[in-house]
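First the proteins, then the strands, lettered A, B, ... as listed; each starts at 1. In what follows, every heavy atom counts, from backbone to side chain, and hydrogens, waters and symmetry copies are set aside.
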Number of protein chains: 2
Amino acid sequence: MKKTILIYGLSLAVLVFLLEYFEYRYFVHELSTEVFVFFIALIFTGLGLWAGKKLTNQTKIESPPFEQNEKAIRYLKISERELEVLELVAQGLSNKQISDKLFVSVNTTKTHLSHLYEKLDVKRRTQAVEKAKSLNLIE
Amino acid sequence: MKKTILIYGLSLAVLVFLLEYFEYRYFVHELSTEVFVFFIALIFTGLGLWAGKKLTNQTKIESPPFEQNEKAIRYLKISERELEVLELVAQGLSNKQISDKLFVSVNTTKTHLSHLYEKLDVKRRTQAVEKAKSLNLIE
DNA sequence: TCAGGCGTCACCCGAAAGTATGATTTTGCA
DNA sequence: TGCAAAATCATACTTTCGGGTGACGCCTGA
């Protein structure tokens, strides 16, 4: 980001300098002002395109990692443990497998899930996963 | 896309015309060439940025739609009906709801699902959805 | 200090999901 | 036309889920 802006600024300065230099020394008598302006326009359009690409690319790499995540989780009052269970459910694990992974009993997992269903306002685990993903709670 | 290019071209033409017009008539004696070039650079950088944004946005809307979809489905020998069931499962519907939606009995839905599990090499519906999405079979 | 949230666990029960097997009809293709 | 795959349904059985209820210890903030 900073680098992009820096490069853009430098290019701008250098180009302005060069163009003026050549304008004064050689071109002004041979080329019309239209052509001069055209080249400047062309070059800076290119620079704009390049800078735009850089900037949008960066925001596209930086933005995907959640945002609403935390906010929504807090709003829904979903606890740490519940979120862990939710993530494992989303991976397609059974209650038993989740329980083993978290070193708790199946009953505990089921309790967490019940609370999750209530908070997410769903009835089944598949719906919970669906909703959680759409809310960017997980993945 | 075409519209973007058209607008860009028109803006370019109009600006070049205007700038030259003003340059000759009024500015050339009051403003330095540096300032003139600066404004042109600024304006065309903006145009470049704008055009770039438009173009990248379009490619981002056009590219996502599946590719491996069909190929993978054929490879896994997943039938029409099975795919329908799979999609409904991914939406979090129960076997009963799916059956009602497809006007078949719950047993039929379960049969389709069994076949799906076998073809996808999974044991549960949540895993099936997980795998199907990662293979771009659905969504 | 006490209420309330969190995490843990248990038991019960009914519903949903999944397995296994077999049968019939439809359909596409050789 | 005939066969294989697909689609349909059924019956029976097992496993997993999910709901409801209650309980216990821990920690935190009022």
Trainee: Could you pick out which residue, B:H115 or A:Y117, lies toward the 5' side of DNA chain D when each is mapped onto its nearest nucleotide?
Mentor: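 Its nucleotide being nearer the 5' end, the pick is B:H115.
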
Trainee: Answer whether the closest heavy-atom distance between the side chains of B:T109 and B:L88 falls below 4.5 Å.
Mentor: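 SC-SC contact between B:T109 and B:L88 ruled out.
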
Trainee: What's the NZ-P distance between B:K77 and D:dA4, to the nearest Å?
Mentor: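 Roughly 16 Å, once rounded to whole Å.
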
Trainee: Does A:Q127 reach the main-chain N or O of A:K123 with its side chain, forming a donor-acceptor pair under 3.5 Å?
Mentor: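 Yes; judged by distance alone, with no hydrogens or angles, the pair exists.
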
Trainee: I need the NZ-C1' distance between B:K96 and C:dG18, as an integer number of Å.
Mentor: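 Spelled out: NZ on B:K96 to C1' on C:dG18 is 18 Å.
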
Trainee: Without decimals, in angstroms, what is the distance between B:E82 CD and D:dA6 P?
Mentor: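 The distance from CD of B:E82 to P of D:dA6 comes to 7 Å, rounded to the nearest Å.
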
Trainee: Within less than 4.0 Å of OP1 or OP2 of C:dA17, is there a side-chain N or O belonging to B:R125?
Mentor: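 Yes, because at least one side-chain N or O of B:R125 sits under 4.0 Å from OP1 or OP2 of C:dA17.
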
Trainee: Quick one: does A:L102's side chain get under 4.5 Å of A:R81's, heavy atoms only?
Mentor: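 Result yes, sub-4.5 Å side-chain heavy-atom pair found.
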
Trainee: Should B:I73 and B:Y117 be counted in the same cluster of Ile, Leu, Val, Met, Phe, Trp and Tyr side chains packed under 4.5 Å apart?
Mentor: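 Shared cluster, yes.
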
Trainee: Can you measure A:K110 atom NZ to D:dT15 atom P for me and round it to whole angstrom units?
Mentor: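 Interatomic distance, NZ of A:K110 to P of D:dT15: 15 Å.
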
Trainee: Starting at CG of A:L86 and ending at C1' of C:dC6, how long is that distance when rounded to a whole Å?
Mentor: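 Value for this atom pair: 17 Å.
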
Trainee: Please state how far atom CD in A:Q127 lies from atom C1' in C:dA17, giving the value in whole angstrom units.
Mentor: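 From A:Q127 CD to C:dA17 C1': 15 Å.
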
Trainee: Taking the side chain of A:S94 as its heavy atoms from C-beta onward, which of C:dA16, C:dG18, D:dC17 lies nearest to it?
Mentor: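 Selected nucleotide (nearest to the side chain): D:dC17.
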
Trainee: Counting just side-chain N and O atoms, does A:T108 come under 4.0 Å of either OP1 or OP2 of C:dC9?
Mentor: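 Checking C:dC9 against A:T108, a side-chain N or O does come within under 4.0 Å of OP1 or OP2.
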
Trainee: Between C:dA16, D:dA10, C:dT8, which one does the side chain of A:H112 approach most closely?
Mentor: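 In terms of side-chain proximity for A:H112, the closest of C:dA16, D:dA10, C:dT8 is C:dT8.
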
Trainee: Count the heavy atoms of every other residue, nucleotide or ligand shown that sit under 6.0 Å from NZ of B:K133, and state whether that count exceeds 12.
Mentor: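 Yes, because the 6.0 Å sphere around NZ of B:K133 holds more than 12 heavy atoms from other groups.
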
Trainee: What's the CG-C1' distance between B:D100 and C:dA16, to the nearest Å?
Mentor: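 That distance rounds to 14 Å.
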
Trainee: Between A:S79 and B:T111, just flag the one whose closest nucleotide in DNA chain C comes earlier from the 5' side.
Mentor: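 With A:S79 and B:T111 compared, the 5'-side residue is A:S79.
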
Trainee: Starting at CD of A:E80 and ending at C1' of C:dT8, how long is that distance when rounded to a whole Å?
Mentor: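 Atom-to-atom, A:E80 to C:dT8, this comes out as 16 Å.
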
Trainee: How would you label the contact of B:N107 with the nucleic acid (heavy atoms, under 4.0 Å): base, sugar-phosphate, or nothing?
Mentor: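 Base contact.
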
Trainee: Does OP1 or OP2 of C:dA17 have a side-chain N or O of B:R124 closer than 4.0 Å?
Mentor: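 For C:dA17, neither OP1 nor OP2 has a side-chain N or O of B:R124 closer than 4.0 Å.
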
Trainee: Taking the side chain of A:N95 as heavy atoms from C-beta outward, which of C:dG7, C:dC9, D:dC17 is closest to it?
Mentor: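 Looking only at heavy atoms from C-beta outward on A:N95, the closest nucleotide is D:dC17.
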
Trainee: Across the strands shown, which category fits A:S105 at heavy-atom distances under 4.0 angstrom: base, sugar-phosphate, nothing?
Mentor: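 Here A:S105 touches the backbone only, sparing every base.
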
